[in-house]
Novice: 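If you scroll down you'll find the structure; I have some questions about it.
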Amino acid sequence: MKQDLSVIIVSYNTKDLTLQCITKIQGALSKGTLNAEIIIVDNNSHDGSSEALKQYAQSHLNVKVIYNIANEGFGKPNNQGLAQAEGRYVLYLNSDVLVLEEAFLDVLIKQMDDNPLQGALTVRVNLESGSIDPASHRGFPTVWRSFCYYSGLERVTTKIPLLNILFGGYHLTNLSLAKRHEIDTPTGAFFLARKDILDVLKGFDEDFFMYGEDIDLAFRIKRLGYSIVYDPSYTVLHLKNQSGIKSKNSAATQQKTRNYFYESMAIFYKKHYEKSYPQWISCLVYAVINRKKTFL
Amino acid sequence: MKHIGVDVRLLFQTGVGTYLQNFLHYLPKYAPKNISFTLYCLPQDAQFVRDIVPDSSIRTTTALWHSIGEQTTLLKLIQSDHLDLMHFTYFGHPLFYKGRCISTIHDVTPLLFATGKASTKNPLVYAIKKFVFSQTLQHQVHHSEVIITPSHTVKQQLIRLYGDSISDKIVPLYEGVSYRLLSEQVDENIVKSPYLLYVGNFYPHKNVFTLIKAFIKSNSPYLLVLAGPHDYFLNRLLTNLSDEEKEHLVVKNKPTLRELVTLYKNAEALIHPSISEGFGLPLVEAMHFGIPIIASHIPVFQEIVGNSYYSFDPYDENSISSAIQKFELSKEKKKNIPNSEFSFERMTQRTVDLYIKHVS
């Protein structure tokens, strides 16, 4: 391996943000001693991103850009990046995530080197409001956990000890956000993992177009016997939903995104859980997902 | 004179048995004069133990591991010997034993996955068994002054389960190639065409069924040789395969040591699809015989072999078959050489060092 770290960023119509994101990560890398590269995969943005990225890459030797001729979603472009990556570690970073300009990646990679059982890691991912992005601190979405979350049981028991163990599994609400501990799945917005594991797992499953592929990848990493750690020693900012469900896009785009979200849920259930539940539960799960798709 | 007891009841069980036989084989060489040993074994194994460690006292017991007898008769027997230190070489032990002790914990797989016959029983029985297992293990972990593990991976897994506070007392000691294999001669090749070799039992977590499916899918020009005990799981495996699928297989039941050495020497590669292990004796054996390895990308195999093997995701048939293809196509095969870090002799020596440290 020529590099310590490959940062992979997928860009889609978020020109200014993407540039800001890259500048920040470059800032962080320049404070440390890691050999690192940045691989940007542009999903055929039509806001001038590709020109801007081209220009940026010309003046920065550690930056590679891959240009797609269509919007390929999230998993596939990340896998294109993985195929080019030369680092021992890979950081999947969303184009709307801003990191601190300090040498925190050196510390995290040292931590991973010292703990060979640790397969992946995330830091505290905050939203603009200052609260944590709940997606960065999740349990695997079993039927029970999902039921508790969507029925509101998780929300009302968040601060109640014991009950939050029982009902808060979707976001692991019983675990302190201030302490380092194992989680089931981080968000794909900031997902640091060992490259050898990603290679064996062939990265993200491209059956997921958008949403859920991060949970699926985490599931497969943990299944091999590796742990995934949440480390709040560092915080990054996730300017979420710039290109997702709640963006200012048209109603049609929003509907499409919503479809991807619930389809991902069904794919994940089918892939990992269907075989361990009785058929009537599976029917119910699919019925609820279909209903959610139509009436949010 | 100090007095140490060692539980060797599992002397002829696969895996743990190899560990115990080798430990006893090298023990006389390293045992200090001022320590006397009492070995607890099954009646049918007493002669073997007497031959191999002539200077020890031997106590026989019919109390099997994980039985009521272990908690009653074995407990009394050990207590009556007033030992300075007791070494439990497996995760079963008498819960009410109050003396000083150290333990070897080989594997925490049963806590992580459904293994053995347990997985064939009703889920409630399985859940209860798992609970009892975890409670017993927790008790043993906290009561033991030292915990020996066969790898750093098992050490880290124990820390994951029981917290950082036990870190200092866990000592990983690598196992190695059995003295019985080292001294064995090689015969003429028993399998006439080129083959990949699997060595081990057929418990579900060994994942051999997925291996067979993936192997057939890979359209490999080789045969797949399965060498291991003839157990319930092998029968179940074979009944689930069509005659056509069986044509790709050669099953070698209960191979003799000579057959096993011959199988290793002539194999194109060792293939091991397990989803979880505490160590990997077959991998260390393959390294010793200098054959390439195709195996699961799991932490313990990464620890033992590093990057010098063809790895795959054991849950994914496609991943296994593409690793087989990658192996076949690679011109310069990733080879392994014997590694002196993996040695039962060294392990025994270090175990004795631990005894000395803890009785003096």
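What you see is a predicted model, and the numbers here were worked out from it, not measured in a lab. Chain letters run A, B, ... following the sequence lines, proteins first and then strands; every chain starts at 1.
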Novice: Are the side chains of A:R223 and B:D313 in contact, using a 4.5 Å heavy-atom criterion?
Specialist: yes

Novice: Would you say A:K76 has more than 12 foreign heavy atoms packed within less than 6.0 Å of its NZ?
Specialist: no

Novice: Specify which of B:H152, B:E303, B:Q156 makes the most heavy-atom pairs with chain A at under 4.5 Å.
Specialist: B:Q156

Novice: For A:K110, look at atom NZ and say whether over 12 heavy atoms of other residues, nucleotides or ligands are found less than 6.0 Å away.
Specialist: no

Novice: If you count the non-hydrogen atoms of other residues, nucleotides and ligands that lie under 6.0 Å from CG in B:D164, is the total more than 12?
Specialist: no

Novice: Could you tell me the separation between the CG atom of A:N115 and the CZ atom of B:R160, rounded to the nearest 0.5 Å?
Specialist: 11.0 Å

Novice: Below 4.5 Å from any heavy atom of chain A, which atoms of B:S296 appear? Answer side chain, backbone, both or neither.
Specialist: neither

Novice: Does A:K159, at its NZ atom, have more than 12 non-hydrogen atoms belonging to other residues, nucleotides or ligands within less than 6.0 Å?
Specialist: no

Novice: Give a yes or no on whether A:Y286 atom OH has more than 12 heavy-atom contacts from other residues, nucleotides or ligands under 6.0 Å away.
Specialist: yes

Novice: Please report the interatomic distance CG(A:L117) to CD1(B:I298), rounded to the nearest 0.5 Å.
Specialist: 11.0 Å

Novice: Which atom names give the shortest non-hydrogen contact between B:P299 and A:G225, and what distance separates them?
Specialist: CG-O, 3.7 Å

Novice: Please report the closest heavy-atom contact between A:K202 and B:S319, naming both atoms and the distance.
Specialist: NZ-CA, 3.9 Å

Novice: Minimum heavy-atom separation for A:V200 and B:S311, please, with both atom names.
Specialist: CG2-OG, 3.3 Å

Novice: Take a 6.0 Å sphere around NZ of B:K326 and say whether it holds more than 12 heavy atoms from other residues, nucleotides or ligands.
Specialist: no

Novice: Counting C-beta onward and ignoring hydrogens, is there a side-chain heavy-atom pair between A:R220 and B:D316 closer than 4.5 Å?
Specialist: no

Novice: Roughly how far, to the nearest 0.5 Å, is the CG atom of A:D199 from the NE2 atom of B:H297?
Specialist: 8.5 Å

